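Note that the structure is predicted; figures quoted are calculated from it, not measured. Residue indices begin at 1 and follow the sequence shown.
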Amino acid sequence: MKRNTKVFAFVAVLVIGCFIYKLAVSFMFSKQIESCAKQKAVHKIRTVVSVQRPTETEIKRAKHAREIKEELKSLWQATEFEFKRVLSSNDRKRSIDQAEKDLLQRIWALEIKLETVQSLDLTWQADVANKTSNLVSDLIESHQNPNNCNERGQLFGHPELCGYGCMVHNILQQFYMALSNNKTLFTYSTGSIYLGTRTTLKKLLQPYSKNCSPRTGDWKEVKTFSDLKVNELSYIFSEHCTMPALRRYSVFTDELWNSVELFHGNPKAWLAGKLVRYITRPTQEFFDAMNKSAAKIDFTRPIVGLHIRRSDKLSLVGEYARSHLFSDYMKHVEEWYGKHEMRKAMEGSRNKVERRVYLATDDPGIWNETLNYQGYVFIGQSQFTKRASDKATRDTPYGLVQIANEINILSMCDFIVCTLSSEVGTLAYEYMQTLHLNAADRVISLDAEYGVSGAPVDVQRVLYSHNVEGELSLRPGMLVAGYQQWNGYFNGNVHDKVRRDAGNWKLYPSYKVQAIPPPFALKNGKLNLVF
């Protein structure tokens, strides 16, 4: 029995050994075949790569794109999870606050990665931006300082008697008109709410033309675009200079628009920035006065500009502003610094970020509210705030220097929180565009988008269908326009009904539309066309 058992065991071992041997031989043979196949595959890959190998930039972009796509999926999964956790929580408020914080940090991480992708194109975009900027500078120079002053028509503008930002934007519309109609711009330089009749803008701003002066001849007032084109010597009053919200002047050609879009997120703001910088070139006296005032400011970075306009902006007829709590502004300041600190940590920095805020306001009470934010350093000109709160001391020559200086300093901040219904916030944003390659997203507005307050600012083409009861029905290809609601929706109507059917506006999702270049101003339309 024992012998039979041993024989059986021996046979079993022999069989197993033969099996293992065959398996090993088979494995080795298959490995050789696999190795040969891999070598052939590698050879093919190398052959392909040697011919079509992408650049390092393309490789990075593809890698980041895959990561962003996966993180977007993760964001939706996290959102679903947070919803469920809030619904099952006994402390809803605490759960909501935590969910908001967690989701916001996920959004910041995605934004940082997207900005990393955008940085891959900075070199060629900077080249396009420089060439485009030079083209616009040459265009301005050829119109404002022609070799022969008789070769172009002339437009003489009467700017509105209003605040500094309002006055500059009024002249800006006149400048657009002049450039679009082959004319040299001049402006009425006597009188201002800051200056009265005691002095003129000539003491503050450089002349718009070094070579030419207004010609003698048959000057005619213009009220329509056709008048402006026909009359060689034209003059215009401020009431005919309203910015066309959903249209553009012909100087902003399709070619120029497409060029700016290659490197900038808001072509209208970019071109406006170029023109207002020219309009407001200070005289040496004005320049020295602003520099003297700015030198008192400690401009250590990072720094967020905070502009809070109250006083007359909330009471004047025709204004679209309303009061916002100081905490509403500070919410966005906190978020900017939160993302900034996340980026610094990702880059390996362990230095504590000092949260600095440049505060520009005409409400002295705001300075008292800053005491509630212990983790921040607020700087600014509190004495000017007191003067700005009183019309008698605000609308003075010194007040003009101060407000011009405030706008300039705000534009130099890393980010601006403001209300773009204010001309001050708008002008600071436009100035900012001239200091960066693309500063389109360096502002957050608590009310209006950049553009004409009280009107939609973009024509939009519908990308996706939308049929929800009580909301605006959309179909791909149709054109719409509406107000930004800052909640993922616009409130508007079909493009050709926006003005005449304003009482029937409805909500529609922002992701289902895409802004397109606005159509040109009507050749026979009124100069104060809004829609």
Side-chain angles (χ1 to χ4, degrees), residues 133-134 136-137 140-141 143-145 157 159 161-172 174-175 185-213 270-301 303 305 307 358-360 362 379-385 387-388 393-414 416 423-436 439:
S133 180
N134 290 338
V136 173
S137 295
I140 294 172
E141 182 66 18
H143 277 73
Q144 292 305 113
N145 296 294
L161 295 179
C162 53
Y164 182 70
C166 169
M167 178 189 69
V168 170
H169 286 126
N170 198 249
I171 297 174
L172 172 63
Q174 297 169 9
F175 205 4
L185 176 68
F186 300 92
T187 189
Y188 189 70
S189 60
T190 301
S192 165
I193 64 169
Y194 300 97
L195 308 174
T197 57
R198 292 170 291 176
T199 186
T200 71
L201 291 175
K202 290 180 179 179
K203 290 188 177 182
L204 302 175
L205 304 178
Q206 293 184 37
Y208 297 156
S209 178
K210 297 176 292 184
N211 299 353
C212 306
S213 301
W270 182 87
L271 183 58
K274 288 285 292 182
L275 299 187
V276 295
R277 279 292 187 190
Y278 185 87
I279 290 170
T280 60
R281 291 168 303 139
T283 60
Q284 190 62 48
E285 180 182 357
F286 194 22
F287 180 79
D288 291 342
M290 287 194 295
N291 271 358
K292 183 178 179 181
S293 180
K296 301 174 183 178
I297 304 299
D298 178 7
F299 219 72
T300 304
R301 296 183 184 279
I303 186 167
H307 177 246
Y358 181 81
L359 176 59
D362 56 3
I379 60 175
Q381 305 178 78
S382 57
Q383 291 302 313
F384 172 61
T385 299
R387 288 191 294 272
T393 51
R394 179 181 65 235
D395 298 345
T396 63
Y398 184 64
L400 174 57
V401 173
Q402 289 284 356
I403 192 61
N405 187 55
E406 289 274 65
I407 294 170
N408 192 50
I409 292 174
L410 283 169
S411 73
M412 294 189 293
C413 293
D414 297 301
I416 302 175
E423 304 278 4
V424 170
T426 298
L427 187 52
Y429 177 62
E430 290 164 343
Y431 278 165
M432 181 183 268
Q433 308 314 306
T434 67
L435 303 176
H436 305 272

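The line from NE2 of His307 to CD1 of Ile416 is 10.0 Å long, rounded to the nearest 0.5 Å. To the nearest 0.5 Å, atoms NZ (Lys292) and CZ (Phe287) are separated by 15.0 Å. Here the CG atom belonging to Asn291 is positioned 8.5 Å from the CD atom belonging to Gln284, to the nearest 0.5 angstrom. Once rounded to the nearest 0.5 Å, the distance linking CG of Asn408 with CD1 of Ile403 reads 11.5 Å. For the atom pair CE of Met290 and CD of Glu285, the computed distance is 11.5 Å after rounding to the nearest 0.5 Å. Here OG of Ser411 is found 10.0 Å from CD of Gln433. Values are rounded to the nearest 0.5 Å.
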side-chain contact (heavy atoms from CB on, under 4.5 Å) assessment of Tyr431 paired with Leu410: CA-CA 9 Å; Tyr431 278 165; Leu410 283 169; over 6 Å; no

Intermediate values then yes/no, side-chain contact (heavy atoms from CB on, under 4.5 Å), Arg277 and Leu435: CA-CA 11 Å; Arg277 279 292 187 190; Leu435 303 176; 3.9 Å; yes

Derivation and outcome, side-chain contact (heavy atoms from CB on, under 4.5 Å), residues Trp270 and Val136: CA-CA 11 Å; Trp270 182 87; Val136 173; 3.9 Å; yes

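Residues Tyr208 and Leu185 come closest through the heavy atom pair CB-O, 3.8 Å. When all heavy atoms of Met432 and Ala439 are compared, the pair lying nearest together is CG-CB, 3.7 Å. Between Glu423 and Gly165, the shortest heavy-atom contact is CB-C, 3.6 Å. Nearest heavy atom pair, residue Leu205 against residue Ile279, reads CD1-O, 3.9 Å. In terms of heavy atoms, Leu172 sits closest to Ala272 at CD2-CB, 4.1 Å. Annotation for Cys162 and Met167: closest pair SG-N, 3.4 Å, computed over non-hydrogen atoms.
Formation of a donor-acceptor pair under 3.5 Å by the Ser209 side chain with backbone atoms of Gln144 is found in this model.
Counting only N and O atoms by type, the side chains of Tyr278 and Gln206 include no donor and acceptor under 3.5 Å apart. Side-chain contact annotation: Thr283 with Lys202, donor-acceptor N/O pair under 3.5 Å absent.
Residues Ile140 and Leu275 meet the side-chain proximity criterion, which asks for heavy atoms closer than 4.5 Å. Between Ile407 and Val168, every side-chain heavy-atom pair lies at or beyond the 4.5 Å cut-off. Side-chain contact between Glu406 and Val424 is absent, with no heavy-atom pair separated by less than 4.5 Å. Contact of the Ile303 side chain with the Ile379 side chain is registered, since non-hydrogen atoms from C-beta on lie closer than 4.5 Å. Looking only at side-chain heavy atoms (C-beta outward), Tyr358 and Gln381 come within less than 4.5 Å of each other.
Other residues, nucleotides and ligands contribute over 12 non-hydrogen atoms within 6.0 Å of the CZ atom of Phe299.
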